[in-house]
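Here the structure comes first, spelled out in structure tokens, and everything after it is commentary.
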Amino acid sequence: MKAIVYKRYGPPDVLELMEVEKPTPKDNEVLIEIHATTVTSGDWRARSLNVPTGFGLISRLILGVSRPRQPILGTELAGEVESVGKDVRRFNIGDQVFAYSGAGMGCYAEYKCMPEDGSVALKPTNLTYDEAAALSFGGTKALHFFRKANLQKGEKVLVNGASGGVGTAAVQLAKHFGADVTGVCSTANVQLVESLDATHVIDYTKEDFTQNGETYDVIVDTVGTAPFSRSRGSLKEGGRLLLVSGGLPDMLRTPWVSMTSSKKVIHGVAPGRAEELDFLAKLAEAGEFRPVIGRRYPFEQIVEAHRYVDTGHKRGNVVMTLTT
Ligand SMILES: NC(=O)c1ccc[n+]([C@@H]2O[C@H](COP(=O)([O-])OP(=O)(O)OC[C@H]3O[C@@H](n4cnc5c(N)ncnc54)[C@H](OP(=O)(O)O)[C@@H]3O)[C@@H](O)[C@H]2O)c1
């Protein structure tokens, strides 16, 4: 089968399209023929090792010290079940599914095996394969953090980086949970964030949300530009800062914040669980959540797709389509 492989860390050019062996499902696995996958900020970080301050060594230990342990990137897919192992009960041949492989990666390929009790779910019938492929990365991250923050109906939420993969999902999920949502983005993305039904949109090129006197119950920082030192004054008493993207020094300060104030900083890795995929699929089916696709590329244009994501200014999600 065709796959996109990287054998060393570096710029987008390290990605090569090549033939590799097609996987065979184990007894508890499904083999999925992939119709669409995505290029996420996670793929960019794993390819380049450009990671937040303090995470260089940890990242190498996880991904491979001198070269990538898993040579096939890609954490999201949508496709069709081609065959199943003998113990599989949840899925049948021909089922249309989407999946999140997380740190196991391997979705930049024509086929991928997933355990049936892993993060695999039936594709919502009202979404295309392209949309379903983009359902889980941003969606599971935003959902994980809102649950950790115990987000309540009527609370005021600010999403910094509202136009990105995690941000577009966070705006939609916060609205679903009944929050009053403010999105922060650049001029070019104001309309997009308004279209997601954000109550207020702040253009960061014209206004600094930390200086406008407004306060929030929850601030979600998906960019890394709103650490506690900068956003503390914008948090209400009892407010929570969700550091989706943050450096190690900011994270190490979090116990001190809790000890010395009523405010809380929440950080960590969002795993992307099967139950979260089911939750997102139901929301999508009910018309309350729809992944934003900013750009599509054919599989063969992976280098161009990564170059775009490397800018740090992608809109929503970047999908790669496979034609078989
Ligand atoms: N904790 C976890 O488990 C976890 C999981 C996944 C991802 N992450 C991290 O979360 C971060 C966000 O991921 P993502 O996939 O959403 O990234 P992304 O899609 O690449 O984010 C790009 C967006 O960021 C916006 N942006 C850039 N600079 C900005 C600024 N100064 N202020 C406001 N918005 C700005 C851009 O909008 P403009 O073009 O308008 O500037 C663009 O739409 C990444 O750092 C990623 O590593 C963490």
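These values consider heavy atoms only, across backbone and side chains, with no hydrogens, waters or symmetry-generated copies. All ligand and atom numbering here is 1-based and tracks the order in the structure. Just so it is clear, the model here is predicted, and its values are computed rather than measured.
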Quick note, salt bridge (Lys or Arg N to Asp or Glu O under 4.0 Å) partners involving residues 246-259, not counting sequence neighbours, are D250-R253
Tell me, please, whether Y129 has K123 positioned over its six-membered ring: NZ or CZ under 6.0 Å from the ring centre and within 45 degrees of its axis? yes
So if I apply the side-chain contact (heavy atoms from CB on, under 4.5 Å) rule between D180 and each of K153, E155, K156, which one comes out positive? K156
side-chain hydrogen bond (donor to acceptor under 3.5 Å, both in side chains) test vs N150 passes for just one of K148, Q152, R147, namely Q152
I'd like to know whether K112 forms a salt bridge (Lys or Arg N to Asp or Glu O under 4.0 Å) with E29, so could you lay out the CA-CA distance, the side-chain angles of the two residues, the decisive distance to 0.1 Å, and finally the verdict. CA-CA 10 Å; K112 165 95 183 137; E29 288 182 341; over 6 Å; no
So what's ligand 1 close to, N/O to N/O, under 3.5 Å?
from: ligand 1; atom 1: 1 (N); to: V244; atom 2: O; distance (Å): 3.2
from: ligand 1; atom 1: 1 (N); to: G268; atom 2: O; distance (Å): 2.9
from: ligand 1; atom 1: 3 (O); to: A270; atom 2: N; distance (Å): 2.8
from: ligand 1; atom 1: 13 (O); to: S41; atom 2: OG; distance (Å): 3.2
from: ligand 1; atom 1: 15 (O); to: S41; atom 2: OG; distance (Å): 2.8
from: ligand 1; atom 1: 16 (O); to: G165; atom 2: N; distance (Å): 3.2
from: ligand 1; atom 1: 16 (O); to: V166; atom 2: N; distance (Å): 2.8
from: ligand 1; atom 1: 19 (O); to: G165; atom 2: N; distance (Å): 2.8
from: ligand 1; atom 1: 19 (O); to: K314; atom 2: NZ; distance (Å): 2.8
from: ligand 1; atom 1: 37 (O); to: S163; atom 2: OG; distance (Å): 3.0
from: ligand 1; atom 1: 39 (O); to: H313; atom 2: ND1; distance (Å): 2.9
from: ligand 1; atom 1: 40 (O); to: S186; atom 2: N; distance (Å): 3.1
from: ligand 1; atom 1: 40 (O); to: S186; atom 2: OG; distance (Å): 2.5
from: ligand 1; atom 1: 40 (O); to: N189; atom 2: ND2; distance (Å): 2.8
from: ligand 1; atom 1: 41 (O); to: Y204; atom 2: OH; distance (Å): 2.4
from: ligand 1; atom 1: 41 (O); to: H313; atom 2: ND1; distance (Å): 2.9
from: ligand 1; atom 1: 43 (O); to: S163; atom 2: O; distance (Å): 3.4
from: ligand 1; atom 1: 43 (O); to: S163; atom 2: OG; distance (Å): 2.7
from: ligand 1; atom 1: 43 (O); to: G164; atom 2: N; distance (Å): 3.4
from: ligand 1; atom 1: 43 (O); to: K314; atom 2: O; distance (Å): 2.6
from: ligand 1; atom 1: 45 (O); to: R45; atom 2: NH2; distance (Å): 2.7
from: ligand 1; atom 1: 45 (O); to: S245; atom 2: OG; distance (Å): 2.9
from: ligand 1; atom 1: 47 (O); to: R45; atom 2: NE; distance (Å): 2.6

Indicate yes or no: does K22 engage E82 in a salt bridge with an N to O separation below 4.0 Å. yes
